[in-house]
Number of protein chains: 2
Amino acid sequence: MNSRSTVDSLFGAMQSDTFDATQCPVRNILDRIGDKWTSLVLVALADRPHRFSELQRAAPDISKRMLTQTLRQLERDGLITRQVFPTKPPAVQYQLSPLGVSVLEPLGHLIDWANRSYDQILSARAEYDSANPASALPVNA
Amino acid sequence: MNSRSTVDSLFGAMQSDTFDATQCPVRNILDRIGDKWTSLVLVALADRPHRFSELQRAAPDISKRMLTQTLRQLERDGLITRQVFPTKPPAVQYQLSPLGVSVLEPLGHLIDWANRSYDQILSARAEYDSANPASALPVNA
DNA sequence: GAGGACAGGTCTATAATAGAGACCGCCTTC
DNA sequence: GAAGGCGGTCTCTATTATAGACCTGTCCTC
């Protein structure tokens, strides 16, 4: 039933019938990139290495717990490195690894698209909401 | 390899001090792109328009509820269109809008990166986990 | 040598979210 | 007239995120 005509070479693997979506590399990674804080941290670190509390200040609405978790995941995935300096008050520096740097380029494309398209999306939302006034997202209501 | 200057200009706005992260277009959109099902749906629709149940079959582990919700959001954001055909059993067709098509390119870059980097990430994870055996992610434990 | 400030976290309790799966009205097919 | 597909919605429960208190140090000041 499922048309397995794989037109696009990029998406082909994701569209084949035998594809096991539950252990998809792409989904695995998109889940990480897309979560609420990861990309923010990556962008902050794109500029220069940051200490823990610098990152906290850069994104004031992230809780310590979430920041720790995000950083751990990124470290585990090899996108950032964590360096502890045994200075007077021990300092911890996070910085992008080469792999982490390499994600900035595709991420940058997406950010660029987001910026370019934001207006369109906002007006699409406004239009949708005015067309569906009472039940914008009935599933959630 | 990586055009650092481009990155800087792209991320500049996100790095400024006055930047209000809570209503950041990019985060807004990344949250959507990055959520568990959105990109999967987009990729499926990249091939051709799909009906509701076709999408369900394409991603067997998505529940109807989540699929509905994902589609509503995408429709609201103007990335896909929803067309109801009053046929014998009424059919609903979802397809990408021009805006939806336009996101495929940056998304494709990211997917491409994910595929290329997956091995590195896996081995980074393995290394991390063997270096931190008991407490891979203590925050969650 | 007590008190406070900071760093870099961890722990707990609660709110929000995702997910499974039952249900529904309508139609067609057996 | 029973069964099954379509395109959903609804309810209930498990998972996850978030806020915010707490903790272990090391300074520094008094």
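Every chain is numbered from 1 and lettered A, B, ... according to where its sequence line falls, protein lines coming before strand lines.
- Nearest nucleotide to the S63(B) side chain, out of dG8(C), dA20(C), dG7(D): dA20(C).
- Taking the side chain of V92(A) as heavy atoms from C-beta on, and the options dG7(D), dG19(C), dG9(C), the nearest nucleotide is dG9(C).
- Close to dA17(D), at under 4.0 Å from its OP1 or OP2, lies no side-chain N or O of W37(A).
- In the set dA17(D), dG7(D), dA18(C), the nucleotide with an atom closest to the side chain of R65(B) is dA18(C).
- OP1 or OP2 of dG19(C) sits under 4.0 Å from a side-chain N or O of K36(B).
- The side chain of R82(B) lies closest to dG8(D), out of dG8(D), dA17(D), dC6(D).
- At the phosphate of dG7(D), neither OP1 nor OP2 sits under 4.0 Å from any side-chain N or O atom of R57(B).
- To the nearest angstrom, C1' of dG19(C) lies 14 Å from CG of D35(B).
- By the 4.0 Å N-to-carboxylate-O rule, R116(B) lies close enough to D112(B) to be salt-bridged with it.
- The shortest distance between the side-chain N/O atoms of T68(B) and the OP1/OP2 oxygens of dG8(D) is not below 4.0 Å.
- Two residues are said to be in side-chain contact when any heavy atoms from C-beta on lie closer than 4.5 Å; D35(B) and Q73(B) meet this criterion.
- Among dC6(D), dA7(C), dG8(D), the nucleotide with an atom closest to any side-chain atom of K64(B) is dG8(D).
- Each of dA19(D), dG8(D), dG9(C) was ranked by its minimum atom distance to the side chain of F52(A); first place goes to dG9(C).
- Put simply, CZ on F85(A) is 22 Å from P on dG25(D), counting in whole angstrom units.
- Between dG8(C), dG9(C), dG7(D), one nucleotide has an atom nearer to the side chain of A91(A) than all others, and that is dG8(C).
- We find that OH of Y94(B) is positioned 8 Å from P of dG7(D), with the value rounded to whole Å.
- Residue R51(A) has no polar side-chain atom (N or O) positioned under 4.0 Å from OP1 or OP2 of dA7(C).
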